[in-house]
Asks: 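Okay, here's the structure, questions in a sec.
Lettering of chains follows the sequences in order, A, B, ..., and the numbering in each one begins at 1.
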Amino acid sequence: MIDLAQLRREPEFVKAALARRGVADETMDAILEVDGEHRRLLQEAEALRAEVKDLSRRVAEARRAKADAEADSLARLSREVGERERAAREACDAVGADLRERLLMVPNLPAPEVPDGPDESANVEVRRWWVGMDEGADFPTFASHQRVAHWDVARELGILDLEAGARLAGSMFPLYRGAGARLLRALSTFALDRHREAYEEIRPPSVALTDTMMSTGHLPKSADDMYEVPRDDLWLIPTAEVPLTSMRRGEILDESILPLRLTALTACFRREAGAAGRDTRGLLRVHEFDKVELFAYCTPDQAPAAHADILARAEGLLRELGLTYRVLELCAGDLGTSSARTVDLEVFSPGVDRWLEVSSVSWFRDFQARRANVRFRTPQGPQFVHTVNGSGLAWARIWAALVETYRQPDGTVRLPDVLGPYFGDLTIRPRTT
RNA sequence: GGAGGGAUGACAGAGCGGCCGAAUGUACCGGUCUUGAAAACCGGCGUGGGCUUGCCCACCGUGGGUUCAAAUCCCACUCCCUCCGCCA
C-alpha cells in the first residue's frame, strides 16, 4: 500500500510517478477527496465521543456526591449524544472502508531509475552471459544436438511423465521420474547450500490464510491466479514470498537484526488463469513448481545492497550451472503491483529457442511492510521496513534449460560438475527399467 | 475430537463497571555519585490516528453485545498450555 500521508503532502509528485505506470490522475484525486471526507467525519465522531466520555465522568461525580437527580439527567443527555456519535461513527467507517478499498488498488511508485514504457516490450536488457562468452558476439552457438526441446529429451530418457501428472492432477502438473526427480532435489539442495552462510533457511507452511494473502497484496487482486481451500479459509502459496513476508507481520523489529535475510524452498502453485492455452508444452508454464526464494527485511539504507545481493546470487547460480541467461530491467508499465523496481533473469532454452523467466528480483520499498505492518525501531520511533526478494531459482524451467543445454551428441545428458555432490553420476542415460 | 486453564506494554505481572492507557518489578535510555565499572538515587521509557501542537480519539487476543460509562459483565471465534483419545 502506498503512503497516504505522502499523497497528501506531495500529490503532484505521487500522481506523476503513478502516471508512469498508467494510473489516471483522477483516480488519485478521487482518493484525496474521499480522504478529506473521511477526516471530516472522523473529527465529528471523535468530538462527540469526547463529549460522551466527559458526560460519563460527570455522572460518576454526581453519583459520588449523591446528586442522583443530576446524575440521571446527565446520563440521559449522554445517551442522546451517544446516539449521534454512533451515527457519525457509522458514516465515518463507511467512508473509511471506501478509502481503504481504493488505496489497496493503487500500485507502488516506480523507483526513479526504472525506465519508462507501457509493457514488456519496453524492458531494457542490461546484459547477457554464457559460457565462453566472446567479445563482440551477442549470442552463443548451439549444436544441433542441443536444439531438441526438453519434452523430447525427457521422453527419450524417461525422466518426465506429463501424462501421468495430468492423469492424477490435470494438465500442467508435471510428474518427474528417476533422474528427473533427483535432479530437482539436487538443484534445491545445491542452491540452499550456496545461500546458507548469509540466509537463514526457513521451511514455511505451503498454505496461507486469506488474511495473510491480503497482507502480502495477493488478495484481492490475484484471487483468480491462486488455488483456494475455502473450507479452511486457506490458499496454496504462489511463492514463498507470502509466508516470508508475513512471518513477522505486526512486529516491531530491533534494528540490530536487520537485514534479516531468509531463504526458503517451497512448492509454488499458480492457476495461470490469464495464460490458459499459452506456453502449454512441456515445462514452459506449469501449475506447480519448486522454487528457492531469497528474501530480506531491511532498513531503507540497506535495501539497494540487499537487492543487489539477491540478484548476484541468482546470477551466480546460473553461471555455476553454465546456463545462458540475460538480465532485464523492467519498465514502469511491466512492474508487478507491489514492486518499485524489478530485475528479471531469463534463461535461454536452446531446444525451444526461447528466453524463460526464472527469477524476478524486486525491491518493494515499504509497500508490503505497510500492509503487513512490519516495522523497526529507530531513535525517532518505529518505521516501516523495506522488503526485497527474488528467486534463487525457480527449477522447472532451469530443469528444461539444463537437459537441453547439456544434451550430448549420443542423446544422453551430461550435467555440470557443480551438481556432482548433490546428484551423483552426472550422466543421464535412457531409463532401462 | 473431548475436558479444563489462560491471553494485559520489550519481558514478568496487578487490575471492586466510573480520573485505568493501565500499579509494581525487570530490561532499556539520560543524569547524580565514582579514576572507571557495579550498586544506590533522580528522571524518562507503548502504538496508531486527527487537528486549532496543545489537546482530543482509538488500541488490554479478534469480532459482536449490554451500559450514561467496559481491560473489567455477556456471546461467538482464534491462539497457547495441561490432561484424555486418535495418529505419520
Side-chain angles (χ1 to χ4, degrees), chain A residues 1-9 31-104 203-215 219 229-235 243 246-258 260 297 366-385:
Chain A
M1 188 159 61
I2 62 160
D3 182 6
L4 179 58
Q6 185 191 16
L7 175 62
R8 292 202 286 245
R9 210 181 322 116
I31 287 174
L32 283 167
E33 203 167 305
V34 175
D35 175 51
E37 175 70 358
H38 178 246
R39 282 190 289 170
R40 193 183 65 71
L41 290 167
L42 187 61
Q43 285 170 48
E44 190 181 321
E46 286 189 351
L48 289 167
R49 176 71 190 153
E51 202 177 328
V52 169
K53 288 180 70 168
D54 183 55
L55 286 166
S56 294
R57 209 171 294 129
R58 286 160 60 192
V59 171
E61 279 166 21
R63 290 252 184 269
R64 267 196 296 275
K66 303 284 186 225
D68 280 346
E70 191 192 347
D72 287 344
S73 119
L74 283 168
R76 210 173 308 119
L77 183 56
S78 177
R79 181 201 292 258
E80 274 168 36
V81 178
E83 293 296 324
R84 287 198 286 142
E85 183 219 331
R86 177 185 285 261
R89 177 66 62 184
E90 272 170 22
C92 180
D93 287 349
V95 175
D98 180 29
L99 177 63
R100 208 165 316 113
E101 225 165 89
R102 287 167 186 268
L103 274 174
L104 288 179
R203 181 64 212 225
S206 303
V207 293
L209 293 164
T210 295
D211 205 33
T212 304
M213 289 292 179
M214 285 287 195
S215 78
L219 286 175
V229 188
R231 179 169 166 165
D232 297 296
D233 191 31
L234 291 170
W235 302 73
S246 299
M247 237 175 98
R248 300 305 195 108
R249 176 141 61 107
E251 287 194 54
I252 301 176
L253 306 173
D254 197 300
E255 186 172 353
S256 65
I257 68 167
L258 300 177
L260 181 57
Y297 294 104
D366 59 3
F367 190 88
Q368 289 182 324
R370 180 169 290 106
R371 214 192 252 208
N373 195 25
V374 183
R375 293 171 291 175
F376 70 102
R377 247 174 238 297
T378 73
Q380 298 76 38
Q383 191 180 124
F384 289 113
V385 298

Asks: When you compare B:A7 with B:G61, how far apart are their C1' atoms, in angstrom units rounded to a whole number?
Replies: 6 Å
Asks: Can you tell me, in whole Å, how much space there is between the P of B:A37 and that of B:A14?
Replies: 37 Å
Asks: Which whole number of Å gives the distance between the C1' atom of B:G31 and that of B:C79?
Replies: 43 Å
Asks: What nucleotide among B:C51, B:G48, B:C57 has an atom nearest to a side-chain atom of A:Pro382?
Replies: B:G48
Asks: To the nearest angstrom, how far is A:Leu41 atom CG from B:G49 atom C1'?
Replies: 15 Å
Asks: May I ask which nucleotide in the shown strands pairs with B:C33, Watson-Crick or G-U wobble, both distances under 3.5 Å?
Replies: none
Asks: Tell me which nucleotide, if any, is Watson-Crick or G-U wobble paired with B:A27 when both distances must be under 3.5 Å.
Replies: none
Asks: Does A:Lys53 have a side-chain nitrogen or oxygen under 4.0 Å from the phosphate oxygens OP1 or OP2 of B:G18?
Replies: no
Asks: Evaluate whether atom CZ of A:Arg8 has more than 12 neighbouring non-hydrogen atoms of other residues, nucleotides or ligands under 6.0 angstrom away.
Replies: yes
Asks: Judged by each residue's nearest nucleotide on RNA chain B, which is more toward the 5′ side, A:Gln43 or A:Asp54?
Replies: A:Gln43
Asks: Partner lookup for B:C79, please. Criteria are Watson-Crick or G-U wobble with both distances under 3.5 angstrom; report none if nothing qualifies.
Replies: B:G6
Asks: Which one, B:G18, B:U47, B:G50, comes nearest to the side chain of A:Arg64?
Replies: B:G18
Asks: Applying salt bridge (Lys or Arg N to Asp or Glu O under 4.0 Å), which residue pairs with at least one partner in residues 90-100 of chain A are found, sequence neighbours left out?
Replies: A:Asp98-A:Arg102
Asks: Round to the nearest Å and state the distance from A:Asp211 atom CG to B:C79 atom C1'.
Replies: 14 Å
Asks: Along nucleotides 64-78 of chain B, 5' to 3', which nucleotides get a B, which get an S, and which get a -, given that the test is a protein heavy-atom distance under 4.0 Å?
Replies: ----BSS--------
Asks: Answer yes or no: is there an ion pair linking A:Arg58 with A:Glu61, defined by an N-O contact shorter than 4.0 Å?
Replies: no
Asks: Taking CG from A:Asn373 and P from B:G48, how many angstroms apart are they, rounded to a whole number?
Replies: 9 Å
Asks: Atom CG of A:Leu103 and atom P of B:G49: how far apart are they, to the nearest Å?
Replies: 13 Å
Asks: Could you identify the nucleotide paired to B:C45, looking across every strand shown and requiring Watson-Crick or G-U wobble geometry with both distances under 3.5 Å?
Replies: none
Asks: Checking base pairs now: Watson-Crick or wobble, both atom distances under 3.5 Å. What partners B:C86?
Replies: none
Asks: Are A:Arg39 and B:C51 close enough that a side-chain N or O sits under 4.0 Å from OP1 or OP2?
Replies: yes
Asks: Have a look at A:Arg370 and say if it touches a base, only the backbone sugar-phosphate, or nothing, with a 4.0 Å heavy-atom cut-off.
Replies: nothing
Asks: Hey, does the side chain of A:Arg248 reach the backbone of A:Val374 with a donor-acceptor pair shorter than 3.5 angstrom?
Replies: no
Asks: For B:U67, give the paired nucleotide (Watson-Crick: N1-N3 plus N6-O4 or O6-N4; G-U: N1-O2 and O6-N3; both under 3.5 Å), or none.
Replies: none
Asks: Between the main-chain N or O of A:Val52 and the side-chain N or O of A:Ser56, is there a donor-acceptor pair closer than 3.5 Å?
Replies: yes
Asks: Taking A:Met214's backbone N and O only, do any of them form a donor-acceptor pair with A:Arg371's side chain (distance below 3.5 Å, no angle check)?
Replies: yes
Asks: Provide the distance between the two C1' atoms, one in B:C45 and one in B:G25, to the nearest whole Å.
Replies: 15 Å
Asks: I'd like the P distance from B:G46 over to B:A10, given in whole Å.
Replies: 9 Å
Asks: Could you walk me through whether A:Asp72 and A:Arg63 pass the salt bridge (charged side-chain N to carboxylate O under 4.0 Å, His left out) check?
Replies: CA-CA 9 Å; A:Asp72 287 344; A:Arg63 290 252 184 269; 3.3 Å; yes
Asks: Nearest whole Å is fine: how far is B:G49 P from A:Asp93 CG?
Replies: 17 Å
Asks: Which residue lies toward the 5' end of RNA chain B, A:Ala47 or A:Glu61, if each is placed at its nearest nucleotide?
Replies: A:Glu61
Asks: Do the side-chain N and O atoms of A:Thr212 and A:Arg249 include a donor-acceptor pair separated by under 3.5 angstrom?
Replies: yes
Asks: For A:Asp72 and B:G18, what is the distance between atoms CG and P respectively, to the nearest whole Å?
Replies: 19 Å
Asks: Using atom C1' in both nucleotides, what's the gap between B:G9 and B:U47 to the nearest angstrom?
Replies: 10 Å
Asks: Which base sits across from B:A14 as a Watson-Crick or G-U pair, both distances under 3.5 Å?
Replies: none
Asks: Each nucleotide N or O in nucleotides 8-13 of chain B that has a protein N or O under 3.5 Å away: list the pair and distance.
Replies:
none

Asks: Measure across A:Phe384 and A:Phe376 and return the closest heavy-atom pair with its distance rounded to 0.1 Å.
Replies: O-CE2, 3.6 Å
Asks: What is the distance, rounded to the nearest whole Å, between atom NE2 of A:His38 and atom C1' of B:G48?
Replies: 13 Å
Asks: Partner lookup for B:G21, please. Criteria are Watson-Crick or G-U wobble with both distances under 3.5 angstrom; report none if nothing qualifies.
Replies: none
Asks: About how many Å separate CG of A:Leu55 and CG of A:Leu74, when rounded to the nearest 0.5 Å?
Replies: 6.0 Å
Asks: With rounding to whole Å, what would you report as the distance between B:C74 and B:U67 at their C1' atoms?
Replies: 12 Å
Asks: Just checking A:Gln6: does its CD atom have more than 12 heavy atoms from other residues, nucleotides or ligands closer to it than 6.0 angstrom?
Replies: yes
Asks: Would you measure the distance from the C1' atom in B:A3 across to the matching atom in B:G85 and give it in whole Å?
Replies: 11 Å
Asks: Separation of A:Leu42 atom CG from B:U52 atom P, in whole Å?
Replies: 14 Å
Asks: Run the salt-bridge test on A:Glu44 and A:Arg40 with the 4.0 Å N-O cut-off and return the result as yes or no.
Replies: yes
